[in-house]
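Just below is one structure, and these are the notes that go with it.
Chain identifiers are assigned alphabetically (A, B, ...) following the order of the sequence lines, protein sequences preceding nucleic acid strands; residue numbering begins at 1 within each chain.
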Amino acid sequence: DGGITQSPKYLFRKEGQNVTLSCEQNLNHDAMYWYRQDPGQGLRLIYYSQIVNDFQKGDIAEGYSVSREKKESFPLTVTSAQKNPTAFYLCASSMQGAARGTEAFFGQGTRLTVV
Amino acid sequence: AQSVTQLGSHVSVSEGALVLLRCNYSSSVPPYLFWYVQYPNQGLQLLLKYTSAATLVKGINGFEAEFKKSETSFHLTKPSAHMSDAAEYFCSSGGTSYGKLTFGQGTILTVHP
């Protein structure tokens, strides 16, 4: 079945450590996105990528980094510079991006907790 | 810049009652609009989308939404609530900035027996 797979589902990190969240899709989608979700704040865009080897900062990119070396994969690294990383992280993809009216498909999310 | 506003962070209805979740958008060009549903600790699932083909859009699980340009609204409705509708609902907009979706703050729907 086609879809988006995020791993792990739950992740614990010690303060000062970097951690990488995985996102893989087999939908052959061009665009991929990372969102952060906090209670009562909706979804905030961290990074997005329209094509392989290209990505753009979203609204809250500070303390995060991404790569897009393959069409199927868009990993997110939460660095030690991110002051409040505890949140639910959602990865999404779409065929041609929001401008063409296509919807985004979401993974099941990764809940990151700093201990 | 685009923005989406959902009126009411929490909505509570009785089972069998009408569900109305409100969404207003702000855009300088005709937008693409979406409603998503999220169950606890899961990703978002598309309920329906508006892409200018028809102003009344029907989605899954008996939900529908009407695009009203004069009111810049895209409210989500369902005639009769079911217990399984309890979830968080997000209105989203796209269209003016390639690759960027804008989400509202979300509305948590509670359904009482």
Is it true that, when you exclude K9(A) itself, more than 12 heavy atoms of the residues, nucleotides or ligands shown sit nearer than 6.0 Å to its NZ?
yes
Please report the interatomic distance CG(L33(B)) to CD(E103(A)), rounded to the nearest 0.5 Å.
13.0 Å
Looking at Q38(B), Q6(B), Q45(B), E88(B), which makes the most heavy-atom pairs under 4.5 Å with chain A?
Q38(B)
In terms of heavy-atom proximity below 4.5 Å to chain B, should Q37(A) be classed as side chain, backbone, both, or neither?
side chain
Hydrophobic cluster membership, V57(B) vs I60(B), 4.5 Å side-chain cutoff:
yes
Linked, directly or transitively: L27(A) and F74(A) (ILVMFWY side chains, under 4.5 Å):
no
Would you say L45(A) and L101(B) make side-chain contact, with heavy atoms under 4.5 Å?
no
Proximity breakdown for L44(B) and chain A, heavy-atom pairs closer than 4.5 Å:
both
Is the number of heavy atoms from other residues, nucleotides or ligands under 6.0 Å of I51(A) CD1 greater than 12?
no
Single-linkage hydrophobic cluster, 4.5 Å side-chain cutoff, Y89(A) and I60(A) together
yes
Answer yes or no: is there a donor N or O on one side and an acceptor on the other, between the side chain of Y36(B) and the main chain of F106(A), under 3.5 Å?
no
Could you measure the distance from the CD atom of Q42(B) to the CD atom of Q108(A)? Nearest 0.5 Å is fine.
5.0 Å
More than 12 heavy atoms from other groups under 6.0 Å of CZ on R44(A)
yes
For L43(A), is it the side chain, the backbone, both, or neither that has a heavy atom closer than 4.5 Å to a heavy atom of chain B?
both
